[in-house]
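Positions are given from 1, in the same order as the sequence printed here.
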Amino acid sequence: MTELVVATRNAGKLREIRHLLAGEGIAVLGLEAFPELPEVIEDGATFAANARKKAETIAQLTGRPCLADDSGLMVAALKGAPGVHSARYAGMQGDDAANNARLLQELASVPDSQRQAAFCCVMALCRPGAGTTLFEGRVTGRILHAPRGDGGFGYDPLFLVDGCEQTMAELPLAEKNRLSHRGQALRQVIVELASQQV
């Protein structure tokens, strides 16, 4: 079975990726399998820059193929914020409750008709000695005034998917993976892995 390191310590993200890669003959290793690895600082100005940096750094340090993503929420009324700062929008990395609270505060006076948003994802697949390939996914929706659902993570409870009556946090995992920005990008990765044989 092929091993693929996924450059994340986010349990929710890792669960989604493992679910999508189940049955593909790929053993997914999260960063918890490599406790000695340093934290890769995401200081890029774009999702693509951050994903590429993480994938190339971890692939070099482990000598294994690495998949990294950077993803986030882009809200039209906030000129694309929180964007690359999505995970630390309220200051502390990965504090979902605080990030959601800040988002709701920022949008408090914005009417429903102007609460359009998109989840965006860029995945970088780096194979040592074979370069890096980028894949993108995007799903549109709007931001609610209060959270709904207890699945998912991040901004999922506030994001009502276009064409659905459910938030990302209300969707079953299989349905979320079918629709989501990460699912879209990862399906492209699967095609690439199958054609290249990691």
Spacing of CG belonging to L103 relative to CG belonging to L78, to within rounding of 0.5 Å
6.5 Å
More than 12 heavy atoms from other groups under 6.0 Å of NE2 on H85
no
What's the separation between atom NZ in K176 and atom CD in Q166, rounded to the nearest 0.5 Å?
12.5 Å
Short question: side chain of R115, backbone of V110 - any donor-acceptor pair under 3.5 Å?
yes
Restricting to non-hydrogen atoms, name the atom on P65 and the atom on R127 that form the minimum distance, rounded to 0.1 Å.
CB-CG, 4.1 Å
Verify, without hydrogens or angle tests, whether Q188 (side chain) and E136 (backbone) share a donor-acceptor contact under 3.5 angstrom.
yes
In Å and rounded to the nearest 0.5 Å, what is the OG1 to CD distance from T133 to E192?
4.5 Å
Flag yes if more than 12 heavy atoms outside R138 fall under 6.0 Å of its CZ atom; otherwise flag no.
no
Tabulate below the donor-acceptor pairs under 3.5 Å that side-chain atoms of residues 19-39 make, not counting sequence neighbours, or state none.
from : atom 1 : to   : atom 2 : distance (Å)
H19  : ND1    : N177 : ND2    : 3.1
E39  : OE1    : R9   : NH1    : 3.2

Residues passing the ring-ring contact (aromatic ring centres under 6.0 Å, His included) test with F47, sequence neighbours excluded, are none
Could you tell me whether R178 and E175 make a salt bridge, using a distance below 4.0 angstrom between a side-chain N and a carboxylate O?
yes
Side-chain (D70) to main-chain (C121) donor-acceptor, under 3.5 angstrom:
no
Parallel, tilted or perpendicular, as decided by the 30° and 60° cut-offs, for the rings of Y155 and Y89:
perpendicular
Picking from N50, L61, I58, what satisfies side chain to side chain contact (heavy atoms under 4.5 Å, CB included) with V40?
I58
At their closest point, which heavy atom of L73 faces which heavy atom of A117, and how far apart are they?
CD1-CB, 3.9 Å
In this structure, CG of D69 is separated from CG of L134 (nearest 0.5 Å) by 11.5 Å
Could you check whether any side-chain heavy atom of E106 comes within less than 4.5 Å of a side-chain heavy atom of P82, counting everything from C-beta outward?
no
Specify the closest pair of heavy atoms between S86 and N99, including all atoms of both residues, with the distance to one decimal.
O-ND2, 3.3 Å
Donor-acceptor contact present, side-chain E170 to main-chain D150, <3.5 Å
no
Take V161 and F119, measure what side chain to side chain contact (heavy atoms under 4.5 Å, CB included) needs, and give me the verdict at the end.
CA-CA 10 Å; V161 182; F119 271 128; over 6 Å; no
Decide, yes or no, whether a salt bridge links K53 with D43 under the criterion of side-chain N to carboxylate O below 4.0 Å.
yes
Do the side chains of V122 and R52 get nearer than 4.5 Å, heavy atoms only?
no
Kindly work out whether a path of hydrophobic side-chain contacts (I/L/V/M/F/W/Y, heavy atoms less than 4.5 Å apart) joins V189 to I17.
yes
Report yes or no: does T167 contribute a side-chain atom to a donor-acceptor pair with the main-chain N or O of R148 at less than 3.5 Å?
yes
Can you find a pair of side-chain heavy atoms, one from D156 and one from D96, that are under 4.5 Å apart?
no
Nearest 0.5 Å please: distance from the CG atom of D95 over to the CZ atom of R88.
13.5 Å
